[in-house]
Amino acid sequence: MLATGVVGAVEDPWIRWSWVSGHVPVIREALTQHIELTVIAVGVGLLIAIPLGLLAWRQRLLRGPIFSLTGILYTIPSLALFAILIPFTGLTFLTAEIGLVSYTLLILIRNIVVGMDAVPLEVREAARGMGYRPFAELLRVDLPLALPAIMAGIRIATVTTIGLVTVTALIGEGGLGSLILDGLIRDFKTPLVVGTLLSVVLAIVADVSLSGLQRLVTPWSRGRSAA
């Protein structure tokens with residue numbers, strides 16, 4: 001995917017701006033792939049984590065096995081996990097996403113359980129006294145009050161995934177990792193520095209944006225923090 005550049009230059013500067021200006025489409029494509037891989041991984045992870053998190057919260061006997069299984073997935077090194085998956089799913093987008101989603105589950109499920117556990121018992125009793133049925137109580141009382149903890153989990157999972165996506169370049173799935181890999185293979189600093197800096201900037205922008213979104217959707221938590 002990457003065009004050729006200066007390879008093994010004797011005096012290779014950290015940034016060769018002529019290479020950057022000549023490879024804007026390549027850099028933009030890598031950044032777009034990185035964002036797509038991250039958004040899909042966190043989105044699918046959240047879809048899986050919500051029912052599992054609620055199950056772990058409701059059924060304490062299942063909490064240990066769910067945490068243990070997702071904890072094992074989280075501790076497997078990314079390259080080892082990809083190596084396990086490749087015989088079944090090949091060097092594909094699916095392999096990358098299965099690995100990335102696996103790393104989001106422990107973070108998201110733990111935060112869902114922590115958030116649900118933090119809902120005051122008297123609030124639930126008041127909701128039941130007002131005639132709320134279990135499903136209505138979950139949607140209108142429990143989940144909104146647990147939202148700050150859930151959003152915190154999404155922020156951590158997103159920043160973690162942005163870092164992990166760089167590894168997917170090793171199985172040919174692009175992203176900013178492809179720039180870093182290109183720089184390492186050709187001993188050429190510019191794509192390496194560009195890929196690394198954009199990964200850091202993307203993580204910061206994502207975290208700040210999600211923090212702002214959290215403040216918008218949970219205005220009551222700001223008042224609680226200020227108090």
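The analysis underlying the following values was restricted to heavy atoms, covering all of them including side chains, and did not include hydrogens, waters or symmetry mates.
- More than 12 non-hydrogen atoms from other residues, nucleotides or ligands lie less than 6.0 angstrom from CZ of Phe93.
- Linking ILVMFWY residues whenever their side-chain heavy atoms come closer than 4.5 Å, directly or via other members, places Val217 and Ile112 in the same cluster.
- A donor atom on one side chain and an acceptor atom on the other are found under 3.5 Å apart for Thr92 and Thr95.
- Taking both residues in full, the closest heavy atoms of Leu139 and Pro144 are given as O-CD, 3.2 Å, listed atom of the first, atom of the second, then distance.
- In this structure, the side chain to side chain contact (heavy atoms under 4.5 Å, CB included) partners of Thr38, at least two apart in sequence or on a different chain, are His34, Val42, Thr158, Thr161, Ile162, Val165.
- Leu176 and Leu192 are assigned to two separate hydrophobic clusters, defined by single-linkage of ILVMFWY side chains at heavy-atom distances under 4.5 Å.
- Leu106 CG to Ile72 CD1: the interatomic distance, rounded to the nearest 0.5 Å, is 11.0 Å.
- Every side-chain hydrogen bond (donor to acceptor under 3.5 Å, both in side chains) that Glu137 has, sequence neighbours left out, goes to Arg128.
- Smallest separation of non-hydrogen atoms from Leu100 and Ala41: CB-CB, 3.6 Å.
- To the nearest 0.5 Å, atom CG of residue Leu69 and atom CG of residue Leu52 are 9.0 Å apart.
- Hydrophobic clustering keeps Met151 apart from Val159 (ILVMFWY residues linked when any side-chain heavy atoms are closer than 4.5 Å, directly or through intermediates).
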(message) Using the rule given for side-chain contact (heavy atoms from CB on, under 4.5 Å), can you reason through Met116 versus Leu138, listing the C-alpha separation, both sets of side-chain angles and the distance that settles it, and then say yes or no?
(response) CA-CA 9 Å; Met116 297 296 286; Leu138 176 68; 3.5 Å; yes
